[in-house]
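Have a look at the structure below, then the notes.
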Number of protein chains: 2
Amino acid sequence: MAPQRDDARKPVAPRHARPAPLAESPAVQRRTGRPMGRVRIEDVAAEAGVSMKTVSRVLNDEPNVSDATRERVRAVVERLQYRPHPSARVLAGRRSYLVAMLYDNPSSNYLMEVELGVLDACQAQHYNLMLAPVTYDAKDIVSKVEALVLQSRLDGVVLTPPITDDAALLARLDELGIPWSSISPREANRRVGVVVDECSAVVEMIAHLAGLGHRRIAHIKGHPAHGASEWRLAGYLDGLARAGIECDPALVVDGGFSYDSGFEATNRLLELPDPPTAIFAANDDMAAGAIGAICERGLSVPRHVSVCGFDDTPIARHIYPSLTTVRQPTREMGRLAGLELLKEIRGQGQGGLVTVPYTLQLRRSTGPRP
Amino acid sequence: MAPQRDDARKPVAPRHARPAPLAESPAVQRRTGRPMGRVRIEDVAAEAGVSMKTVSRVLNDEPNVSDATRERVRAVVERLQYRPHPSARVLAGRRSYLVAMLYDNPSSNYLMEVELGVLDACQAQHYNLMLAPVTYDAKDIVSKVEALVLQSRLDGVVLTPPITDDAALLARLDELGIPWSSISPREANRRVGVVVDECSAVVEMIAHLAGLGHRRIAHIKGHPAHGASEWRLAGYLDGLARAGIECDPALVVDGGFSYDSGFEATNRLLELPDPPTAIFAANDDMAAGAIGAICERGLSVPRHVSVCGFDDTPIARHIYPSLTTVRQPTREMGRLAGLELLKEIRGQGQGGLVTVPYTLQLRRSTGPRP
DNA sequence: GTGAAAGCGCTAACAT
DNA sequence: ATGTTAGCGCTTTCAC
């Protein structure tokens with residue numbers, strides 16, 4: 001007589017008491033007569049009359065399932081409202097379904113928006129997003145990130161400026177075979193990620209100011225570690241040249257992307273013997289600082305001095321006067337960076353470097369030369 | 001002859017190829033002669049000469065381990081840089097080590113800060129935080145949250161205003177046995193969470209304005225669904241009474257916590273036959289809108305009208321003139337709410353309702369009555 | 001105070 | 001095209 005093969009398949013009593021007295025899978029009710037809190041892949045398989053593995057194949061879009069079976073399984077999944085247990089997938093599988101976004105400055109409006117975009121992309125493909133603050137100038141950044149990647153079994157990382165330009169880090173990630181995607185990387189060679197043509201945007205902005213009659217146009221530079229600072233400076237210089245304005249080096253001053261740095265830089269500019277009539281700050285926060293400094297001297301914007309920024313963060317609409325700035329689609333950039341990364345991770349085509357469009361937002365902080 | 005018991009314990013060849021050619025546990029090297037990417041609890045146990053379960057006890061601060069053993073295991077954990085695999089813990093255990101923060105408005109500065117605070121608390125205790133956007137006026141909010149809680153096996157939730165005042169939701173969470181913690185709940189009875197004495201803060205603010213000579217002080221109310229709107233209105237009325245000022249109902253206007261609502265409300269106030277000389281807006285965004293509306297009419301702050309807000313979000317420092325406001329320690333509030341929740345979850349004492357202090361931030365947007 | 005064995009719910013490898 | 005089996009790394013139960 002053959003061994004009792006049916007018995008071997010019979011589910012044993014579960015170890016833990018089932019917690020919730022809620023929705024219940026018919027398959028489980030039939031089997032156990034007990035209420036339970038969660039439908040499992042086994043229940044779906046039983047209900048659809050296939051093996052667990054077939055259900056797994058359908059769930060993961062793997063080949064070798066007939067269309068009919070696929071449809072039947074999908075219907076049961078839907079009816080039972082089955083969702084795979086994330087931890088079980090991670091533990092059993094090769095993937096962690098986890099990507100991290102590496103960033104330096106934790107509380108900027110810019111990164112916040114980028115984060116939301118990356119989250120959009122991840123959620124759509126049932127990946128999780130982990131936020132990983134990294135001090136970009138720390139000496140051990142490479143080993144810190146390596147520990148994180150290994151510890152959390154990351155499937156990939158999204159890199160934000162300026163971390164995205166750390167050559168040693170990129171090399172190590174490549175060695176580890178961890179896919180990565182860059183947001184606004186300084187160099188575009190062989191990259192996956194997303195960029196904006198910032199230089200052209202600034203050229204347009206300078207043309208706008210020149211069109212208003214301004215000749216003495218100052219620039220407050222961004223933080224030197226960021227590629228954006230470089231592009232925005234390049235656009236400023238190019239824009240001046242195209243407008244036939246000779247650049248006065250005294251009108252180009254250092255900044256660091258913060259409100260305070262914009263405030264101080266503007267004070268220096270206004271104390272010049274021949275001060276500017278317009279200021280292009282490398283981001284909105286510094287532009288806000290510029291407006292603060294100008295107003296504090298009893299001058300007014302744009303009557304005495306025009307001011308413009310870059311990024312179009314919420315503050316641009318909320319200060320008085322509202323800020324002329326360059327809008328980059330920050331959230332969309334996060335989403336696209338996430339999408340390209342997931343392409344690489346899931347091996348569904350090569351990720352690439354996507355260029356997204358900017359828009360000039362003309363508001364009240366720029367006006368005719370006094 | 002006894003069965004080959006040693007054989008039974010001998011590790012079998014692992015199913016997956018080990019990915020990373022990096023750090024290696026001595027125990028594993030000895031056992032397998034292969035490099036591997038990760039130390040496991042088994043390696044720690046072998047190295048410390050105890051069972052897996054004992055290591056597990058030490059890791060989870062469970063009783064029934066001698067101090068000597070505990071120390072020895074801790075040392076090995078440290079030396080091997082062992083970290084438990086999160087998914088394995090979740091899958092095997094009863095807990096998910098996951099809490100969610102439920103919120104309505106995804107992009108407010110306020111919630112952003114709260115989030116960072118909750119994250120502080122969670123990370124310190126190796127819990128994960130999940131962000132859960134919930135439209136607070138959706139009809140099916142209870143079932144939505146229920147699905148989330150069951151699906152993700154949440155160990156607990158942090159509730160933010162105004163969701164934290166949804167009685168049906170709270171009742172359901174109690175039924176499910178899910179611990180929750182409230183940030184600024186409307187009613188304080190039997191709650192776990194954190195509150196600020198907002199009413200007293202506003203009373204002080206009104207006293208500040210009255211001290212500057214203002215008698216016609218307007219109030220732009222917050223969104224009616226939020227308890228905060230109620231307290232801030234109550235503080236306004238109480239503050240007026242204490243200053244011996246009779247309340248003019250025409251000076252109390254509706255708002256919704258947004259910049260635009262503050263802007264519009266202020267336009268209405270300034271068109272009054274006898275307009276106010278000071279405006280207390282129920283939050284900073286509306287105060288920024290008030291300043292915008294005042295400036296747009298060619299008036300100046302605080303020379304013609306004083307303005308003050310509530311929250312001390314970053315915009316308060318970044319607008320001109322800088323905003324007099326009430327500072328609530330938002331991030332700390334998030335942290336404390338998280339801490340109290342984790343107390344409940346981990347059964348280490350009862351969570352309670354913590355009151356945190358506010359501070360008046362006097363800046364440039366308030367001045368003497370014109 | 002400590003350990004052995006049995007799963008948690010899923011997927012990889014290898015049948016068929 | 002589909003099923004079977006053996007784990008993933010940890011915690012639980014229960015025996016000692």
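Below, all heavy atoms of this structure are taken into account, side chains as well, without hydrogens, waters or symmetry copies. Naming: A, B, ... by sequence-line order, numbering from 1 per chain.
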So if I take every side-chain heavy atom of B:N64 and compare against D:dG3, C:dT11, C:dG1, which nucleotide ends up nearest? C:dG1
Nearest whole angstrom, please: distance from the C1' of D:dC8 to the CG of A:L91. 4 Å
A:S66 vs D:dT2: side-chain N/O to OP1/OP2 distance below 4.0 Å: yes
Checking contacts here: which listed nucleotide (C:dG3, D:dC10, C:dG9) is nearest the side-chain heavy atoms of B:Y82? D:dC10
Using whole Å, what does the distance between atom C1' of nucleotide D:dT11 and atom CG of B:D61 come to? 15 Å
Please figure out whether B:R89 or A:T69 has its closest DNA chain D nucleotide nearer the 5' end. A:T69
Rounded to the Å, how far apart are B:E42 CD and D:dG7 P? 12 Å
Between atom CE in A:M52 and atom C1' in C:dG9, what is the gap in whole Å? 7 Å
CG (B:L91) and CZ (B:R153) are apart, to the nearest 0.5 Å, by 8.5 Å
Here the distance between atom P of C:dC8 and atom CZ of B:R153, to the nearest Å, is 11 Å
Which residues satisfy the ring pair (Phe, Tyr, Trp, His ring centres under 6.0 Å) test with B:Y97, sequence neighbours excluded? B:Y127
Salt bridge check, B:D174 against B:R191: does any charged N sit closer than 4.0 Å to a carboxylate O? no
Measuring from the side chain of B:R94 (C-beta onward, heavy atoms only), which nucleotide among D:dT12, D:dC8, C:dG3 has the closest atom? D:dT12
Distance check needed: C:dA12 P versus A:E62 CD, whole Å only. 6 Å
Is any side-chain nitrogen or oxygen of A:S56 closer than 4.0 Å to OP1 or OP2 of C:dT11? yes
Among A:T69, A:V58, A:V76, exactly one meets side-chain contact (heavy atoms from CB on, under 4.5 Å) together with A:V50. Which residue is that? A:T69
Residues that B:Q123 engages under side chain to side chain donor-acceptor pair (under 3.5 Å), provided they are two or more places apart: none
Heavy-atom count check: over 12 atoms from other residues, nucleotides or ligands less than 6.0 Å from A:R70 CZ? yes
Without decimals, in angstroms, what is the distance between A:L59 CG and C:dC10 C1'? 10 Å
Flag if over 12 foreign heavy atoms under 6.0 Å of NZ, A:K144: no
Minimum-distance nucleotide (side-chain atoms of B:H85 versus D:dG9, D:dA1, D:dT4): D:dG9
Check whether the side chain of A:R57 and the base of D:dG3 form a donor-acceptor pair under 3.5 Å. yes
Flag the pair B:R74 and B:D61 as a salt bridge only when some basic side-chain nitrogen lies within less than 4.0 angstrom of an acidic carboxylate oxygen. yes
For the side chain of A:R40, starting at C-beta, report the closest nucleotide among D:dT11, C:dT2, C:dC10. C:dC10
So what is the end-to-end bend of the helix from C:dG1-D:dC16 to C:dT16-D:dA1, with 5 pairs used at each end and the value given to 10 degrees? 30°
Interatomic distance where NZ belongs to B:K53 and C1' belongs to C:dG7 [whole Å]: 14 Å
So what does A:V90 touch, heavy atoms closer than 4.0 Å: a base, only the sugar-phosphate, or nothing? nothing
Within the pair A:T54 and D:dG3, is there a side-chain N or O less than 4.0 Å away from OP1 or OP2? yes
